Amino acid sequence: MFDYPTRGLVVAVVSGKGGTGKSTLAVNLAETLVADGCAVALLDADPCQSSCATLLNESPSASVEAVARGAVATARGFHQTASGMTLVCGGTAAGFADLGDAFYDAFDEVLGLAVERYDLVLIDAPARLEAPVQWALDRSDTGLLVVVGEPTAVTGAYSLAKAVWQTNPSYPLLAVVNAADADAEAAQTAERFGALTAQFLGQSPTPVGYVPYDAHVRGAARDQVPAVHRSAPLRAAFAGLAASFAPLLPARA
């Protein structure tokens, strides 16, 4: 984890596999925090297939990939959305293996500016534990691990937690259960996952809440609108999730 001299809170949103709703969760969490008056930057750190702009129906004029190629200045990578958050897109690189040091240097430049300007920087990292995910976790104060109560998703989340804690046993991981059918299912998923990591890894991520399954999510994604604008239960769930970060945010002037 980096020590920035002037900074907001940096959170990497991660998952052990694709299909957990990680990017949708990051977008709706950012929307919720912005509505609460928090200055938020959402950095889509997938350099190959950035999806946050699509979910928000936004068209940024530049990406971190363009900054890395020297095509635009670093500040051009920042795009203000209709709701007032700032969005930064990774790009459309062919693959992780094609990314050189210049790409990560550009990410570092963007993140360095973001922590000076915003209360919270959310990094939507790719799924699994590819190089951009390792970069995101290394640069963050904490990782928000998205867990879904489905066997392959739990296995993927466990593998990611194991890799993180093998590298840094004291790394602060948080966990949020996504797309749970009911309170009881969410609590059971969080409890089982915590017990699994405690038994085999000697520690467990800190639970910070859950997001219920909601039919509005699919329609909102299709219409490129954050789902919190269409569902009261989702708004309440994300308000609770956002509140868990409030004590960690810098004091507002």
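These figures come from a predicted structure and were not determined experimentally.
- Contact of the Val225 side chain with the Asn57 side chain is not registered, since no non-hydrogen atoms from C-beta on lie closer than 4.5 Å.
- Applying the side-chain hydrogen bond (donor to acceptor under 3.5 Å, both in side chains) rule to pairs touching residues 153-165 yields nothing, sequence neighbours excluded.
- For Asn28 (side chain) and Thr24 (main-chain N/O), a donor-acceptor pair under 3.5 Å exists by modelled atom type.
- Rounding to the nearest 0.5 Å places SG of Cys52 at 8.5 Å from CE of Met85.
- Side-chain atoms of Asp119 never come within 3.5 Å of backbone atoms of Gly8 as a donor-acceptor pair (strictly under, hydrogens ignored).
- No donor-acceptor pair under 3.5 Å is formed between the side chain of Asp44 and the backbone N or O of Gly90.
- Checked by atom type and distance alone, the side chain of Thr142 pairs as donor or acceptor with a backbone atom of Pro172 at under 3.5 Å.
- Residues Leu122 and Phe245 fail the side-chain proximity criterion, which asks for heavy atoms closer than 4.5 Å.
- Side-chain contact, Glu58 with Thr81: no donor N or O sits under 3.5 Å from an acceptor N or O.
- Residue pairs satisfying the salt bridge (charged side-chain N to carboxylate O under 4.0 Å, His left out) criterion with at least one member in residues 213-225, sequence neighbours excluded, are listed as follows: Asp223-Arg230.
- Taking the ring pair (Phe, Tyr, Trp, His ring centres under 6.0 Å) definition, one finds that Phe107 meets it with Phe103, Trp135, sequence neighbours left out.
- In this structure, Thr197 contributes its side chain and Gly194 its backbone to a donor-acceptor pair below 3.5 Å.
- In terms of heavy-atom proximity, Ala157 sits nearest to Leu145 at O-CD2, 3.9 Å.
- Qualifying side chain to side chain donor-acceptor pair (under 3.5 Å) partners for Thr86, counting only residues two or more places apart in sequence or in other chains: Tyr118.
- In this structure, the side chains of Pro205 and Phe193 come closer than 4.5 Å at one or more pairs of heavy atoms.
- Sequence neighbours left out, the pairs with a member in residues 178-192 that pass side-chain hydrogen bond (donor to acceptor under 3.5 Å, both in side chains) are Asp183-Tyr210.
- Listed by chain and number, the residues in a salt bridge (charged side-chain N to carboxylate O under 4.0 Å, His left out) with Asp124 are Lys22 (sequence neighbours excluded).
- Considering all non-hydrogen atoms of both residues, Glu31 and Leu56 come closest at OE2-CD2, 3.7 Å.
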